[in-house]
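Okay, so here's the structure we're looking at.
Reminder, nothing fancy here: chain letters follow the sequence lines and each chain counts from 1. Please read all numbers here as calculations on a predicted model, not as lab measurements.
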Number of protein chains: 2
Amino acid sequence: MKTFSISEVAKELDLTVYTLRYYDKEGLMPFVERTPSGTRLFKETDIGALKIVECLKASGMPIKEIKNFIDWCSDGDSTLQQRYDMFVERKATVEAQMEELKKTMEIIEHKCFYYKTALEAGTEDVHKNNKIGSFG
Amino acid sequence: MKTFSISEVAKELDLTVYTLRYYDKEGLMPFVERTPSGTRLFKETDIGALKIVECLKASGMPIKEIKNFIDWCSDGDSTLQQRYDMFVERKATVEAQMEELKKTMEIIEHKCFYYKTALEAGTEDVHKNNKIGSFG
DNA sequence: GTTATACCTCGAGCCCACTCTAGGTTTCGG
DNA sequence: CCGAAACCTAGAGTGGGCTCGAGGTATAAC
């Protein structure tokens, strides 16, 4: 079976080898096997699991909670409910983040317009009659 | 003119007074006036400016870069171009974040489905024939 | 007037997620 | 068989963003 070195995996996932070893230290990859001398051997499925780790990270989950999930995975079917619940909750938090990002975007777009017109006028004073503050 | 105490502003923006004082220390609110004895007096426009700070923070901008923006604001019309460029760039990064969040969401929704069916079957084994790894 | 509460500064401390250094072993190309 | 490059661990260091403690002043409520 084809395996990959830590640097190959780092490249694939756009992480550093430091980060991967740190994840290992934190218990995020108990499944990765080793050669007798200790070198890590990553399988395709290990890379898949790490992609889930990256997904959870991208959803804003802290490393320690991701570790809980990994532990549940190791515990087998008895933890299916927890894992399901976790993903449902993740879904909710990501939805909330999308909502917030949308609001952020609206303000930023408004600012783009604000500065575009100010630039055209050569001064911010064109907006002085708006309720938008002096830092517009 | 009506003013607000630091704790009122903290409440309004859902921040702690510690955080607000930290922002001040970092130069994010040079516009806030003081009583002769040193107590901060926030005006409505100050709160408006802080909302922009929060917006930039929400867009992922680090405090030091937000400070640059605040400095530009203090410098007046000569920095209109920089500020415009900054918001245009912010718009792009927020769009990128939305894209990534969407991808994250897709994986999470897939996982919700994966665990829902596994729960119904009572075991994760129902997915064993998929290319999804052992930590599915 | 006094007591409690809110304000202030300065600097230390904390947590997270890396990031790197030192010192050593292993593997691989020529 | 040798030297370079990649691997390993343990533990220290970094940077960002707060968060808090000490020690002190100011205002508000009784």
Side-chain angles (χ1 to χ4, degrees), chain A residues 2-43 46-47 50-70 93 97 100 104, chain B residues 2-43 46-47 50-71 90 93 97 100 104:
Chain A
K2 175 133 179 53
T3 61
F4 303 86
S5 72
I6 193 167
S7 59
E8 287 170 323
V9 175
K11 202 170 182 183
E12 164 96 14
L13 299 179
D14 200 27
L15 296 171
T16 67
V17 296
Y18 298 136
T19 303
L20 281 173
R21 289 202 271 249
Y22 164 69
Y23 285 178
D24 198 3
K25 216 187 295 191
E26 295 300 311
L28 303 192
M29 32 199 263
F31 41 75
V32 174
E33 303 193 354
R34 306 278 190 126
T35 64
S37 69
T39 298
R40 293 174 185 83
L41 292 178
F42 293 79
K43 300 182 289 300
D46 297 342
I47 296 175
L50 283 169
K51 281 180 182 168
I52 298 301
V53 166
E54 288 303 284
C55 167
L56 291 173
K57 214 176 52 169
S59 83
M61 184 177 268
I63 264 72
K64 280 179 186 170
E65 277 177 51
I66 300 179
K67 185 194 176 337
N68 289 342
F69 167 68
I70 296 292
T93 79
Q97 288 171 58
E100 174 159 15
T104 299
Chain B
K2 176 134 178 52
T3 61
F4 304 87
S5 73
I6 193 166
S7 59
E8 286 170 322
V9 175
K11 202 171 181 182
E12 163 97 12
L13 299 180
D14 201 27
L15 295 171
T16 68
V17 296
Y18 297 135
T19 303
L20 281 172
R21 288 202 271 248
Y22 164 68
Y23 285 177
D24 198 2
K25 216 188 292 190
E26 294 300 311
L28 304 191
M29 33 198 264
F31 40 75
V32 174
E33 302 193 355
R34 307 278 190 126
T35 64
S37 70
T39 297
R40 292 173 186 84
L41 291 178
F42 293 80
K43 299 181 291 299
D46 297 341
I47 296 176
L50 283 169
K51 281 179 182 168
I52 297 301
V53 166
E54 289 303 284
C55 167
L56 291 173
K57 214 175 53 169
S59 84
M61 185 177 267
I63 266 71
K64 281 178 187 172
E65 278 177 50
I66 300 177
K67 185 195 177 333
N68 289 342
F69 167 69
I70 296 292
D71 290 346
R90 272 301 97 190
T93 79
Q97 287 172 59
E100 173 158 15
T104 299

(request) Check for a donor-acceptor pair, side chain of B/E8 on one end and backbone N or O of B/S5 on the other, with a separation under 3.5 Å. (result) yes
(request) For B/R40 and B/V32, indicate whether the former's side chain and the latter's backbone hold a donor-acceptor pair under 3.5 Å. (result) no
Could you give the [atom1]-to-[atom2] distance, from [X] to [N], as a whole number of Å?
X     : N      : atom1 : atom2 : value
A/L20 : D/dA6  : CG    : P     : 16 Å
B/E65 : D/dG17 : CD    : C1'   : 15 Å
A/L41 : D/dA6  : CG    : C1'   : 13 Å
A/L15 : C/dT19 : CG    : P     : 9 Å
B/Y22 : C/dC8  : OH    : P     : 18 Å
A/Y18 : C/dT21 : OH    : P     : 6 Å
B/E8  : D/dA28 : CD    : C1'   : 14 Å
B/K64 : D/dT14 : NZ    : P     : 14 Å

Nearest to the side chain of [X] - [options]?
X     : options               : answer
B/S5  : C/dC7, C/dT19, C/dT27 : C/dC7
B/K57 : D/dC18, D/dT9, C/dC7  : D/dC18
A/S7  : C/dC8, D/dA6, C/dT27  : D/dA6
B/I63 : D/dG17, C/dC8, D/dC20 : D/dG17

(request) Could you tell me which non-hydrogen atom of A/T104 sits nearest to which non-hydrogen atom of B/C55, and how far apart they are? (result) CG2-O, 3.5 Å
(request) Please name the pair of heavy atoms, one in B/F31 and one in B/K43, separated by the smallest distance, quoted to 0.1 Å. (result) O-NZ, 3.8 Å
(message) Here's a test of your reading of the structure: between B/S37 and A/T39, which maps to the more 5' nucleotide of DNA chain C?
(response) B/S37
(message) Closest-nucleotide mapping onto DNA chain C: is A/P36 or A/T16 further toward the 5' terminus? I mean the 5' end.
(response) A/T16
(request) Taking only Lys NZ, Arg NE, NH1 and NH2, and the carboxylate oxygens of Asp or Glu, determine whether A/K51 and A/E54 approach each other closer than 4.0 Å. (result) no
(message) By nearest heavy atom, map B/G60 and A/R40 onto DNA chain D; which one lands nearer the 5' end?
(response) A/R40
(request) Respond yes when some side-chain nitrogen or oxygen of A/T35 is under 4.0 Å from OP1 or OP2 of C/dT26, and no when none is. (result) no
(message) Whether B/T19 contacts D/dG17 is assessed here as follows: a side-chain N or O lying under 4.0 Å from the phosphate OP1 or OP2. Is that the case?
(response) no
(request) With heavy atoms under 4.0 Å as the rule, sort A/K25 into base, sugar-phosphate or nothing. (result) base
(request) Under 4.0 Å between any heavy atoms, over every strand shown, what does B/R21 touch: base, sugar-phosphate, or nothing? Just pick one. (result) base
